[in-house]
Amino acid sequence: ETAWQVSQMTGPEILEGYRRNQLVRQMSLSPMLEVDDIYDSVECTGIEEFAGEDCYVLVMKAEDSEPVYNYFSVDSKLLMGNKMTTADPAIGKMEIITKASDYKDVDGVKMSHVSTVELPQGMQMITKIDAYDVNGDVKKDLFDLPQEIQALKEKNEDQ
């Protein structure tokens, strides 16, 4: 219900409007299964090279955001990554390229175990996943708002 972030640059904040919608789309655990809920249109625009492979380009657009370009391998049909432009008041607009690799079978589904995020100025973030826990136990309090966000939410409700 509440989209939020805690940043060293901006501190704790509750996101609204465009920024909220952008975060919801970016944090979706299964955007390809939620296309109708989070995008207004989807179009296959052809084949381009991405991450060293020929890929189908699937462009997803929402009315209030820049398009997201998803790249699916022509050979394996797996998602090789995506390219998107994000906007943040503290840093402005920037293009982010995410590459998925090291696919392995997890309970009958091929899942990427390495994600490389390429940021402007040559910066990279690499996430390596050792294991997935499918349908594992999740503690309910994991989704509780942090204290500083809860305080902001209460302050906004009082106004």
Side-chain angles (χ1 to χ4, degrees), residues 1-43 57-72 78-104 106-159:
E1 293 178 17
T2 305
W4 57 272
Q5 72 177 7
V6 177
S7 163
Q8 290 181 342
M9 295 172 74
T10 60
E13 63 180 323
I14 294 175
L15 305 178
E16 310 252 340
Y18 166 79
R19 292 181 64 218
R20 179 193 189 287
N21 296 342
Q22 179 180 1
L23 182 67
V24 167
R25 283 188 290 272
Q26 288 175 353
M27 295 296 115
S28 173
L29 296 176
S30 55
M32 298 305 157
L33 299 176
E34 301 174 55
V35 171
D36 291 340
D37 295 331
I38 58 179
Y39 294 101
D40 297 318
S41 69
V42 179
E43 178 184 8
V57 182
L58 197 65
V59 182
M60 299 179 174
K61 294 180 185 176
E63 188 175 300
D64 66 345
S65 70
E66 301 282 335
V68 177
Y69 299 85
N70 295 283
Y71 298 89
F72 291 87
L78 296 171
L79 178 65
M80 301 308 297
N82 61 48
K83 180 172 51 174
M84 69 178 72
T85 300
T86 63
D88 186 283
I91 55 178
K93 285 187 173 186
M94 70 174 161
E95 183 178 80
I96 298 174
I97 297 172
T98 303
K99 295 179 180 175
S101 61
D102 193 23
Y103 277 90
K104 297 177 187 172
V106 178
D107 288 350
V109 177
K110 291 208 180 289
M111 299 188 66
S112 169
H113 283 66
V114 176
S115 174
T116 304
V117 178
E118 297 176 357
L119 301 166
Q121 300 175 353
M123 294 175 27
Q124 280 190 340
M125 292 187 312
I126 299 173
T127 303
K128 295 182 179 182
I129 298 171
D130 294 325
Y132 285 94
D133 185 8
V134 178
N135 295 323
D137 292 328
V138 178
K139 295 180 182 178
K140 188 174 180 170
D141 67 348
L142 177 68
F143 298 101
D144 290 347
L145 295 175
Q147 287 181 335
E148 61 264 39
I149 298 298
Q150 184 62 42
L152 274 177
K153 189 174 178 178
E154 291 169 4
K155 179 181 174 185
N156 289 347
E157 290 170 357
D158 289 342
Q159 294 177 351

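Values below: all heavy atoms of this structure, side chains included; hydrogens, waters and symmetry mates excluded.
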Glu13 and Gln5, any side-chain heavy atoms less than 4.5 Å apart: yes
Side chain to side chain, Val117 and Ile96, heavy atoms closer than 4.5 Å: yes
Under 3.5 Å, side chain of Tyr71 to main-chain N/O of Leu58, donor-acceptor pair present?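 Flag not set: sc Tyr71 to bb Leu58 has no pair under 3.5 Å.
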Roughly how far apart are [X] [atom1] and [Y] [atom2], rounded to 0.5 Å?
{"X": "Thr116", "Y": "Lys128", "atom1": "OG1", "atom2": "NZ", "result": "8.5 Å"}
{"X": "Glu95", "Y": "Met84", "atom1": "CD", "atom2": "CE", "result": "10.5 Å"}
{"X": "Glu16", "Y": "Leu23", "atom1": "CD", "atom2": "CG", "result": "12.5 Å"}
{"X": "Asn70", "Y": "Asn82", "atom1": "CG", "atom2": "CG", "result": "5.0 Å"}
{"X": "Thr98", "Y": "Met80", "atom1": "OG1", "atom2": "CE", "result": "13.0 Å"}
{"X": "Met94", "Y": "Thr86", "atom1": "CE", "atom2": "OG1", "result": "4.0 Å"}

Give the C-alpha distance, both sets of side-chain angles, the deciding distance and a yes or no for side-chain contact (heavy atoms from CB on, under 4.5 Å) between Val35 and Asp37. CA-CA 5 Å; Val35 171; Asp37 295 331; over 6 Å; no
So with a 6.0 Å cut-off around [atom1] of [X], is the heavy-atom count from everything else above 12?
{"X": "Asp36", "atom1": "CG", "answer": "no"}
{"X": "Gln147", "atom1": "CD", "answer": "no"}
{"X": "Asp141", "atom1": "CG", "answer": "yes"}

Exercise: identify the closest heavy-atom pair between [X] and [Y]:
{"X": "Pro146", "Y": "Trp4", "result": "CG-CH2, 3.4 Å"}
{"X": "Arg20", "Y": "Glu1", "result": "NH2-O, 3.4 Å"}
{"X": "Ser112", "Y": "Val114", "result": "OG-O, 2.9 Å"}
{"X": "Arg25", "Y": "Ser65", "result": "NH2-CB, 3.1 Å"}
{"X": "Asp137", "Y": "Asp133", "result": "N-OD2, 4.4 Å"}

Could you go through the side-chain contact (heavy atoms from CB on, under 4.5 Å) check for Val138 and Phe143 one step at a time? CA-CA 9 Å; Val138 178; Phe143 298 101; 3.6 Å; yes
Let's go through Tyr132 and Val109 carefully: what are the C-alpha distance in whole Å and the side-chain angles of both, what is the deciding distance for side-chain contact (heavy atoms from CB on, under 4.5 Å) to 0.1 Å, and is it a yes or a no? CA-CA 11 Å; Tyr132 285 94; Val109 177; over 6 Å; no
Side-chain atoms of residues 148-155: list all donor-acceptor pairs with protein atoms under 3.5 Å, sequence neighbours left out, distances to 0.1 Å.
from: Gln150; atom 1: NE2; to: Glu154; atom 2: OE2; distance (Å): 3.1
from: Lys153; atom 1: NZ; to: Thr2; atom 2: OG1; distance (Å): 3.1

Looking at Tyr69, I'd like to know if the NZ or CZ of Lys83 sits under 6.0 Å from its six-membered ring centre while staying within 45 degrees of the ring's axis.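 Yes, cation above the ring, under 6.0 Å and within 45°.
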Quickly, which of Lys61, Met60, Glu63 forms a side chain to side chain contact (heavy atoms under 4.5 Å, CB included) with Asp40? Name it, please.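 Output: one option passes, namely Glu63.
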Does Lys110 form a side-chain contact (heavy atoms from CB on, under 4.5 Å) with Leu78? I'd like the steps, not just the answer. CA-CA 8 Å; Lys110 291 208 180 289; Leu78 296 171; 4.1 Å; yes
